[in-house]
Chemist: 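Dumping the structure here so I can ask a few things about it.
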Amino acid sequence: MGLGELGSKMTAMDFFGLLKKLSRPKNIWVLYGGISAEREVSLRSGKGVADALKAGGFSVELFDVRPETLGALPWSQKPDLIFLGLHGTWAEDGVIQGYLETLGIPYVGSGVLSSALCFHKGLTKTALRAVGLPTPKSFEFSGTKEFESLRSRGTFSNADFSKKFFIKPAREGSTVGIERFDPSGNPNPEALFREKLNKVFGFDQDVVVEEWIEGPELTVPVLAGKALEIVEIRPKSHYYDYASKYTAGATEYLCPAPIGAEQTGLIKEICEKTFQALKCADYGRIDVMLGKNGPMILEMNTLPGMTGTSLVPKSAVASGFSYETFCEFLVCYSFDRQSARRKKA
């Protein structure tokens, strides 16, 4: 079964029709927990997915894994498919995908190359620019020495300290470690910038200093290469930080996003091209800012949150799925995709 079966404007009913043609894996392992800053979210994601799949009649085992416990799993009893309910470092960066590839066990989601590429915000931007997809202007560098080199060459000039930026660790998720730089009214903006930069270096030596885009903040789940309903994110604190994401009532979510048919169509098209350009598989979630110059891709999440209140399930429900049916389609589609790949090999 190939992507050619999926039309350019899929509806939930089209997906349901395709679901009837897909094979069903019998035994599924859900791996969750991990060691990243997103561990608590992962625990909820994995539990939610496992419960949904059990309700759908699948045989499911749930494992809380860390690097030191992964080898102790009963690998001699290979599952038909693994659902990665993990997030962040060691999970979303291609490491665990590589481990499963060596064991020959299929898993839901993007492969090693795509996972590693998408987890690094700077490399993601490089790839997007290479194929002409829109992303905010940015500076990317590794460590203090490289930043000072940018300063000495004038690539990052004194004038840049008068601009607003988001300073991001290149390899973190859930807005962990992000600093907002707003020099407005500050008598020494360079000192403020360096202070915030040093905080970000505490999370990752690879840093992305990204243009601050004003406008609606959106996220677009993609399933089997096709964009689902767009979610607009309206944090009550004005900034969608970790607290806004995971504090009940701290953020308003509008789905479908009230941005008009023309913008909706354009953003979905751009996100589908992003998914394809970054060699992603099965599903993911793309974060977008809709600024005065149009939509800008921020990043690609290859293992997005799957809790009952996460953004992908919200969009799936608005697109016509139930949480349970979405999980069912995802594992069946992934299983068939990889079965076809193994036959070709």
Chemist: Quick check on E148: does its CD atom have over 12 non-hydrogen neighbours (other residues, nucleotides or ligands) under 6.0 Å away?
Modeler: yes
Chemist: Are a donor atom and an acceptor atom from the side chains of S152 and S149 found within less than 3.5 Å of each other?
Modeler: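 The answer is no; no qualifying pair exists.
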Chemist: Taking S322 for the side chain and T325 for the main chain, is one N or O donor matched with an acceptor at less than 3.5 Å?
Modeler: yes
Chemist: Looking at L70, is its backbone amide N or carbonyl O close enough to the side chain of W75 to form a donor-acceptor pair, meaning the two atoms are under 3.5 Å apart?
Modeler: yes
Chemist: Determine, for R39 against D64, whether the closest basic-nitrogen to carboxylate-oxygen distance falls under 4.0 angstrom.
Modeler: yes
Chemist: Under the side chain to side chain contact (heavy atoms under 4.5 Å, CB included) rule, what do S110 and L278 come out as? Steps first, then yes or no, please.
Modeler: CA-CA 10 Å; S110 297; L278 298 175; over 6 Å; no
Chemist: Using the side-chain hydrogen bond (donor to acceptor under 3.5 Å, both in side chains) rule, take E272 and T274 through it: C-alpha gap first, then chi angles, then the decisive distance, then the call.
Modeler: CA-CA 5 Å; E272 289 172 3; T274 296; over 6 Å; no
Chemist: Might you work through the ring pair (Phe, Tyr, Trp, His ring centres under 6.0 Å) test for F83 and W29, ending with a clear yes or no?
Modeler: CA-CA 6 Å; F83 193 106; W29 287 6; over 10 Å; no
Chemist: With a sphere of 6.0 Å drawn around NZ of K164, does it hold more than 12 non-hydrogen atoms of other residues, nucleotides or ligands?
Modeler: yes
Chemist: Report yes or no: is the cationic atom of R24 (NZ for Lys, CZ for Arg) closer than 6.0 Å to the six-membered ring centre of F58, at no more than 45° off its axis?
Modeler: yes
Chemist: Side chain of D160, backbone of S157: donor and acceptor closer than 3.5 Å?
Modeler: yes
Chemist: Taking 4.0 angstrom as the limit, do D204 and R171 come out as a salt bridge?
Modeler: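 Looking at D204 and R171, the cut-off is met.
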Chemist: Under 4.0 Å between a Lys/Arg side-chain N and an Asp/Glu carboxylate O for E269 and K273?
Modeler: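 Counted as a salt bridge, because a side-chain N and a carboxylate O are separated by less than 4.0 Å.
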Chemist: Please answer whether the main-chain N or O of L303 pairs with a side-chain N or O of N301 as donor and acceptor at a distance below 3.5 Å.
Modeler: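 No, the answer is negative, given that no donor and acceptor are paired below the 3.5 Å cut-off.
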Chemist: Do you know which two heavy atoms are closest between G109 and D282, and how far apart they sit?
Modeler: N-OD2, 2.7 Å
Chemist: Run the side chain to side chain contact (heavy atoms under 4.5 Å, CB included) check on L197 and F201 step by step: do they pass?
Modeler: CA-CA 6 Å; L197 180 59; F201 279 144; 3.6 Å; yes
Chemist: Is there side-chain contact between P304 and Y283, with heavy atoms separated by less than 4.5 Å?
Modeler: yes
Chemist: Got a salt bridge between E38 and R44, using NZ or NE/NH1/NH2 to carboxylate O under 4.0 Å?
Modeler: no
Chemist: Taking atom CD as the centre, does E68 end up with more than 12 heavy-atom neighbours from other residues, nucleotides or ligands that are less than 6.0 angstrom away?
Modeler: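 Counting other residues, nucleotides and ligands, CD of E68 exceeds 12 neighbours.
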Chemist: Tell me the closest heavy-atom pair linking E140 and T126, and the distance in Å.
Modeler: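 Of all heavy-atom pairs spanning E140 and T126, the closest is OE1-OG1, 4.4 Å.
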Chemist: Which atom names give the shortest non-hydrogen contact between T89 and S36, and what distance separates them?
Modeler: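 Closest approach of T89 to S36: N-CB, 3.5 Å.
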Chemist: Does any N or O in the side chain of S114 come within less than 3.5 Å of the main-chain N or O of G111, such that one atom is a donor and the other an acceptor?
Modeler: no
Chemist: Can you find a side-chain donor-acceptor pair between Q338 and Y107 that sits under 3.5 Å?
Modeler: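 No, because no side-chain N or O of Q338 sits under 3.5 Å from a partner of the opposite role on Y107.
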Chemist: Does one side chain, of S42 or S45, offer a donor that lies under 3.5 Å from an acceptor on the other?
Modeler: no
Chemist: Under the 3.5 angstrom rule, does the side chain of D336 hit a backbone N or O of S23 as a donor-acceptor pair?
Modeler: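 Flag set: sc D336 to bb S23 pair under 3.5 Å.
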Chemist: Should the ring pair F193 and F165 be called parallel, tilted or perpendicular, given that the plane angle runs from 0 to 90° and is split at 30 and 60?
Modeler: perpendicular
Chemist: Show the numbers, then the answer: is there a ring pair (Phe, Tyr, Trp, His ring centres under 6.0 Å) between F15 and Y333?
Modeler: CA-CA 10 Å; F15 280 112; Y333 175 83; 8.3 Å; no
Chemist: List the steps, then state whether side chain to side chain contact (heavy atoms under 4.5 Å, CB included) holds for F335 with I28.
Modeler: CA-CA 10 Å; F335 182 68; I28 300 173; over 6 Å; no
Chemist: Step by step, would you call E214 with K292 a side chain to side chain contact (heavy atoms under 4.5 Å, CB included)?
Modeler: CA-CA 8 Å; E214 297 284 358; K292 62 181 181 181; over 6 Å; no
Chemist: Does a side chain donor of either R194 or T144 reach within less than 3.5 Å of an acceptor in the other side chain?
Modeler: no
Chemist: Salt bridge between K168 and E210, side-chain N to carboxylate O under 4.0 Å?
Modeler: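 Looking at E210 together with K168, the answer is yes, because their closest N to O distance falls below 4.0 Å.
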Chemist: Under the salt bridge (Lys or Arg N to Asp or Glu O under 4.0 Å) rule, what do E299 and R285 come out as? Steps first, then yes or no, please.
Modeler: CA-CA 9 Å; E299 62 182 280; R285 199 193 77 233; over 6 Å; no
Chemist: Could you tell me whether E179 and K196 make a salt bridge, using a distance below 4.0 angstrom between a side-chain N and a carboxylate O?
Modeler: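 K196 and E179: salt-bridged.
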Chemist: Test your reading of the model: is there a side-chain donor-acceptor pair from S319 to the backbone of E229, 3.5 Å cut-off?
Modeler: yes
Chemist: Hey, what's the ring geometry for F321 with F326, parallel, tilted or perpendicular (30° and 60° as the breaks)?
Modeler: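 Correct class here is perpendicular.
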Chemist: Check the pair K125 / T135 against side-chain hydrogen bond (donor to acceptor under 3.5 Å, both in side chains), numbers first and verdict last.
Modeler: CA-CA 7 Å; K125 285 176 165 293; T135 187; 2.8 Å; yes
